[in-house]
Amino acid sequence: MRLPRTRPRSLAGQLFAMQVVLVAAVVAGCAFFAYVSGSGQAKETAARQVRAAALAIADSPSVREAIRTPDPSAVLQPYAEKVRRDTGIAFVTIMSPDRIRWTHPDAGLIGEKFLGHTARALRGETFTETYTGTLGPSIRVVTPIRDGGRITGLVSAGITVDRVSSQVRAQLGALGLAAGGALALGGIGTYVINARLRRHTHGMNAAELSRMHDYHQATLHAVREGLLMLDGRRRIALINDAGRELLGLGAGAVGRRVDELDLPAPLTGALLASEERVDELHLTAERVIVVNTRPVVGGEQRGTVVTLRDHTELQALSGELDSERGFTQALRSQAHEAANRLHTVVSLIELGRAQEAVGFATAELELAQALTDRVVGAVAEPVLAALLLGKAAQANERGVELVLAEDSLIDDGALPATLPPRDLVTVLGNLIDNAVDAASEAVTGVPGSAAVPAQRGAAAGRSGRARVTVTALAGEGELLLRVADTGAGIDPDDAAEVFDRGWSTHGAGRGIGLALVQQAVHRNGGTVALGHGPDGGAQFTVRLPLAVAHRTTSAAKEATA
């Protein structure tokens, strides 16, 4: 029968067991050290005690006088016993230089030879030794008695080892109680700490925590979305690789405050907000990102979890889709108009007016072909040429004439491969769309223009027909794109905010086109400027550098040649 596999002890349990063993070992070591130290101190104290007694007896004048008498024991024995009882030592032995005892705690041993060493004392030295005598092992001191310059006797005072040991054993009980108390206190403290640790680790063991950390790291770096975690002070506690890339941050971002990261003000405000944010669209210098934030709350706000999604490609695709929809509508309108014109030609032929039919058809063909020939002849870049023709059809549908300036010229190969066509479409497409809107509103009087009504009327009167003029010129190391309209222009008070996301004269839900233009221009190292056009409306001028890109392309060609 196979026994069920037991789950390893939790990390808190393992640490508790280790800490209990450690505390017990420390307490036991301290107790042993205290015992050894106490035993040594007891012996040292006993040695000092008997030494002081022996020296005091040896220096006593009454002892020297008693030694001169015919029977020294008669005077010295009572004196020695009194000193022994008063000092609490085991024995006081006063003897002659030839080791014959004059005093002893056992009176029957008086007159016998002293058991111990005396040679050093006879040389005038006071010394301490541990020796086994008639009372057992004892710590004793032997010192000479001097009478003038002559040694007339010796004094030995001692305390038995058993008495010293009994004193140490008496202290050992108190030491044991202290050690037990320290062990109990350490165990309780360890239990409390590990109970808290168990709550924080959810009862997991070390292997589970290690595995969870590995999964956490793998997940963090595998997620394609940006993940950002802020602590209660709005400092970055954690950020994954995608988050660094989307926000343009370096490896040292962890630990820095959000307001120190040089992010756009709206994005910084969203990250610092205490309330939840859902699918907010924000622009950085090079990207369009969708931001979601959720505060981490547990009694108090502990931080914020932020997710970031790259919306740049989707925004570009949305712009292209809008353009395709516009092209479709324009083609549908042109097809409708072509059917009307074809019916007109057929009707003229049926009425026998063939000459008028030929003239009408020829005029329409010349009018439709004129802009196509102008665009194809001046702009050799196929993406820009297709964009201009499509926007011209859209503008015509709205009653706005799109004109390509006479000085426009982009030769074949003038634009390097390093300049993305998608960015060109973003820049020129959004500028033309805004210009067509402004020119159309100036004529139709549709609300939404930034100018006052008097300005709108004046602009419409000057232009006669709504018109957008586009200049596309590549030369002298830069690409110049200029779009001017016959609209009412932009109020000077709004000029500083026109490129901010959300700024629009067309109501809510708009205001991202010019922000995307500025982003694309910044991404390619160019500039965009707002001014007044020759027809009274707004004029946007974009300059994108080409010289560096040309040199890079030329060097690459030479390297591969």
Side-chain angles (χ1 to χ4, degrees), residues 224-240 242-250 253-254 256-296 301 303-319 322 423 426-427 430-431 433-434 448 450 490-530 540 542:
R224 297 299 300 273
E225 290 187 352
L227 180 61
L228 181 68
M229 295 185 183
L230 308 177
D231 61 16
R233 298 183 179 180
R234 297 299 189 273
R235 293 177 303 190
I236 296 180
L238 183 146
I239 184 170
N240 66 350
R244 286 194 182 93
E245 181 180 357
L246 290 176
L247 297 179
L249 303 179
V254 175
R256 297 178 61 188
R257 288 180 54 86
V258 171
D259 51 10
E260 298 175 352
L261 300 179
D262 295 330
L263 298 175
L267 178 57
T268 301
L271 298 180
L272 293 177
S274 58
E275 68 276 3
E276 183 177 354
R277 300 294 181 94
V278 180
D279 290 340
E280 285 193 358
L281 201 64
H282 289 273
L283 274 71
T284 64
E286 298 182 357
R287 295 180 182 274
V288 181
I289 58 178
V290 178
V291 178
N292 286 272
T293 69
R294 187 178 183 88
V296 180
Q301 182 162 339
T304 306
V305 176
V306 182
T307 59
L308 309 169
R309 295 199 309 272
D310 191 356
H311 202 65
T312 308
E313 295 295 326
L314 183 59
Q315 188 68 41
L317 291 176
S318 297
D322 291 340
D423 286 348
T426 297
V427 172
N430 280 287
L431 292 180
D433 287 341
N434 287 345
I490 295 177
D491 194 322
D493 295 337
D494 296 329
E497 302 176 358
V498 69
F499 294 105
D500 293 341
R501 178 186 175 274
W503 187 92
S504 176
T505 62
H506 301 91
R510 305 288 295 273
I512 196 173
L514 291 178
L516 291 175
V517 168
Q518 187 181 48
Q519 186 186 70
V521 170
H522 178 272
R523 187 163 51 239
N524 291 278
T527 60
V528 55
L530 169 63
F540 289 88
V542 175

Whether over 12 other heavy atoms sit under 6.0 Å from Arg294 CZ:
no
Between the CG atom in Leu228 and the CG atom in Leu271, the distance rounded to the nearest 0.5 Å is 6.5 Å
Residues Glu280 and Ala270: closest non-hydrogen pair is OE1-CB, 3.8 Å
### Query
Do Thr307 and Leu227 come close enough that some side-chain heavy atom pair is under 4.5 Å?
yes
Practice item. In plain terms, say whether Arg234 and Asp259 are close enough for a salt bridge, that is, a side-chain N and a carboxylate O under 4.0 Å apart. Key: no
- Query: So do the side chains of Thr293 and Val305 get within less than 4.5 Å of each other, counting heavy atoms only?
  - Reply: no
Do Ile289 and Leu247 have side chains that get closer than 4.5 Å, going by heavy atoms? yes
So CG of Asp231 and CZ of Arg257: to nearest 0.5 Å the spacing works out to 9.0 Å
Contacts of Arg244 meeting side chain to side chain contact (heavy atoms under 4.5 Å, CB included) (sequence neighbours excluded), chain-then-number -> Ile239, Asp241, Val254
Please tell me if the side chains of Val521 and Asp423 come closer than 4.5 Å, counting only heavy atoms from C-beta onward. no
* Could you check if a side-chain atom of Val528 sits within less than 4.5 angstrom of a side-chain atom of Leu431, using non-hydrogen atoms only? => no
In short, Val427 meets Val517 closest at the heavy-atom pair O-CG2, 3.8 Å
ask   = Should Val291 and Arg309 count as side-chain neighbours, where that means a heavy-atom distance under 4.5 Å?
value = no
Within the 4.5 Å heavy-atom criterion, are Ile236 and Leu249 side-chain neighbours or not? yes
In this structure, CD of Glu225 is separated from CG of Asn292 (nearest 0.5 Å) by 8.5 Å
